[in-house]
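Here is the structure we will look at, set down as structure tokens.
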Amino acid sequence: MKFMKLGTKPDSFQSKGDNVRYVTNELETEIIIIIGNVKFYLHKFPLLSKSGFLQKHIATTSNNEEEKKNQIDEIDISEIPGGSVAFEICVKFCYGITVTLNAYNVVAVRCAAEFLEMNETFEKSNLVYKIDVFLNSTIFRSWKDSIIVLQTTKDLLSDDSEELVKRCLGSIASTASIDTSKVKWSYTDNRKKKLEKVRKPEDGVPKDWWVEDLCELHIDLYKQAIKAIKNRGKVPSNVIGEALHTYAIRRIAGFSKGSMQLIDRSLIDTIIELLPDEKGSVSSSFLTKLHRASIFLGCEETVKERLKKRVSEQLEETTVNHILMYDFDMVQSLVKEFMDPNPKTHSKVSVAKLIDGYLAEKSRDPNLPLQNFLSLAETLSSFPRHSHDVLYRAIDMFLKEHSGISKSEKKRVCGLMDCRKLSAEACEHAVQNERLPMRVIVQVLFFEQIRANGSSTGYSTPELTTTTLNTEDDEWDHEKEF
């Protein structure tokens, strides 16, 4: 961290309890400055030579000399930015006592110095000037110091702090937008350990090198930083999306596992607001988690609908685990949204596999209504599938958990499956499955015989690749439940 030292004299400030600060020298106290519950017992000359504010106020309090002949002037400036800590640094500067400025205190001291009018009008190279030189030549040229400085502005309410926020944001946005080949400074990359097997040294600095450092910012400041970066137009939208995902994981407990706890709704609202509009700029995993969070927190309907549309647009990229928390109505709504406009064939194949997997997992619930299962499965009846193994797994699990359904209902459920698209392993399991209607078992045997003989009977039996019923790619096991 960069720092600047000012003054040469040793520290002569002393404390009396928690609420009294004074300078040890032979001169009597001439003025008391009150800030909150802290009193500073000081001398006029060092202050008057550098502070226009105190010069005016001390002159005002000294008008009635006769009335105050035996009294010490008191001035209450509790409203000073940075409070007693920043004021003490300003006072030490006035006395020539050594003070150290760094990214953590420089903003508060700058605002306090501005409040005290410690500018060039009263002395050349006054405190405001020295701090500005330090900010421009050092702090705003340091990536991490700029972030620290920006973070310290959140508790300061002054026109001066607003200007410093703008300058910090400009520095951060400019640095984040720089060509990665020019990044020579340190940055936080805790994800590097997870990616070290993938990322090679010759790959250089990743485009999203800056996203973890910005996670230190409070959401209000983070929002301004991301907007500033986006406005420069040099950072790809997918990097912005990754930044928002990283921030959500860091700031929202349980977000990465999809089990969000009670959180500030404004946090989710802001992240959603900052999402890039470009399709693919945000992962489907991130979108589904945000969507579920918006439902859980009761966000505005327009927000939920916007997210639902984004999820449906990237439904082919989604995994079963990402949508398991959705009920059947929501999944069916996502599928219908996905179908309008008419998607490409390869996307349909991916979504069919996704929903088959969802059905296979949800079928474990014995309370799952038949109509829900049929309605969702039939919505995708026209979708192409390379294999019906996962659909068969869903049907088998449903029949196992709903043994009381009628023959006609069982027939309708099994009618969802094309026996010609079962792998050899699935066929072997099916012919021994007592839960299936005999007609289905006969069909499976028939098509297996055709495949075994390599003959043609007028049916189109597609070339089948060996797959498994288990979505985790376990070995086929006749003893396992589907």
Side-chain angles (χ1 to χ4, degrees), residues 3-135 152 155-156 158-161:
F3 65 90
M4 177 177 69
K5 285 186 178 293
L6 298 173
T8 58
K9 296 179 181 179
D11 193 350
S12 56
F13 261 68
Q14 299 291 323
S15 298
K16 188 176 182 181
D18 296 329
N19 302 324
V20 174
R21 300 285 285 155
Y22 62 94
V23 180
T24 55
N25 59 30
E26 298 176 354
L27 301 175
E28 294 185 1
T29 297
E30 298 174 300
I31 185 171
I32 298 174
I33 305 294
I34 303 170
I35 301 177
N37 61 351
V38 180
K39 289 186 177 182
F40 290 83
Y41 291 76
L42 305 170
H43 308 92
K44 292 182 179 179
F45 177 73
L47 305 179
L48 297 183
S49 64
K50 288 183 170 60
S51 171
F53 176 88
L54 291 177
Q55 186 182 87
K56 288 182 287 187
H57 279 69
I58 290 173
T60 301
T61 58
S62 302
N63 283 339
N64 298 322
E65 286 294 335
E66 292 301 321
E67 294 181 15
K68 300 190 176 185
K69 191 171 183 180
N70 298 317
Q71 296 181 23
I72 298 176
D73 293 333
E74 291 190 7
I75 301 176
D76 190 325
I77 54 172
S78 297
E79 71 274 18
I80 186 172
S84 60
V85 175
F87 176 74
E88 182 172 327
I89 293 175
C90 292
V91 170
K92 286 182 177 180
F93 174 79
C94 293
Y95 278 85
I97 296 171
T98 301
V99 294
T100 301
L101 297 177
N102 55 46
Y104 287 101
N105 63 16
V106 68
V107 169
V109 177
R110 173 64 172 78
C111 293
E114 187 69 32
F115 177 90
L116 294 170
E117 299 176 26
M118 298 177 70
N119 49 46
E120 299 300 281
T121 303
F122 297 93
E123 184 180 74
K124 187 177 181 181
S125 297
N126 210 341
L127 185 54
V128 169
Y129 170 80
K130 289 182 180 294
I131 290 177
D132 282 346
V133 170
F134 178 53
L135 287 171
T152 63
D155 297 323
L156 296 170
S158 69
D159 293 338
D160 193 44
S161 67

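Quick caveat: nothing in here was measured; it's all calculated off a predicted structure. Quick note: residue numbers are just sequence positions, from 1.
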Do [X] and [Y] have side chains that get closer than 4.5 Å, going by heavy atoms?
X	Y	value
E30	F45	no
V20	S15	no
L127	L6	yes
I58	K44	yes
L156	T152	no
I34	I77	no

Mind listing the closest non-hydrogen atom pair of G82 and A108 along with its distance?
CA-CB, 4.1 Å

Specify the closest pair of heavy atoms between C90 and A113, including all atoms of both residues, with the distance to one decimal.
SG-N, 3.8 Å

[Y] backbone acceptor or donor facing [X] side chain under 3.5 Å:
X	Y	value
S51	M118	no
N126	K50	yes
N119	T121	yes
T24	S12	yes

Is there a side-chain contact (heavy atoms from CB on, under 4.5 Å) between F40 and I35? Walk through the geometry before answering.
CA-CA 8 Å; F40 290 83; I35 301 177; 4.2 Å; yes

Pairwise distance [atom1]([X]) to [atom2]([Y]) - rounded to 0.5 angstrom:
X	Y	atom1	atom2	value
N37	N19	CG	CG	4.5 Å
C94	L54	SG	CG	7.5 Å
D73	T29	CG	OG1	12.0 Å

Who are the side chain to side chain donor-acceptor pair (under 3.5 Å) partners of S125, not counting sequence neighbours?
none

Side chain to side chain donor-acceptor pair (under 3.5 Å) partners for S78, two or more places apart
D76

Worked check of side-chain contact (heavy atoms from CB on, under 4.5 Å) between K56 and E117
CA-CA 10 Å; K56 288 182 287 187; E117 299 176 26; 3.0 Å; yes

Is the count of non-hydrogen atoms from other residues, nucleotides or ligands lying under 6.0 Å from D18 atom CG greater than 12?
no

Residues, nucleotides or ligands: over 12 heavy atoms within 6.0 Å of E120 CD:
yes

Could you walk me through whether I32 and I75 pass the side-chain contact (heavy atoms from CB on, under 4.5 Å) check?
CA-CA 6 Å; I32 298 174; I75 301 176; over 6 Å; no

Can you list the steps and then say if V109 with F87 is a side-chain contact (heavy atoms from CB on, under 4.5 Å)?
CA-CA 7 Å; V109 177; F87 176 74; over 6 Å; no

Do the ring centers of Y22 and F13 come within less than 6.0 Å of each other?
no

Using the ring centroid of each side chain, check whether F53 and F115 are separated by less than 6.0 Å.
yes

Test V91 against every option in V23, I97, V99, L42 by the side-chain contact (heavy atoms from CB on, under 4.5 Å) rule and name the one that passes.
L42

Inter- and intrachain pairs under side-chain hydrogen bond (donor to acceptor under 3.5 Å, both in side chains), touching residues 91-110, at least two apart
K5-T100, D11-K92, H43-Y95, E88-K92, R110-E114, R110-D132, R110-D160

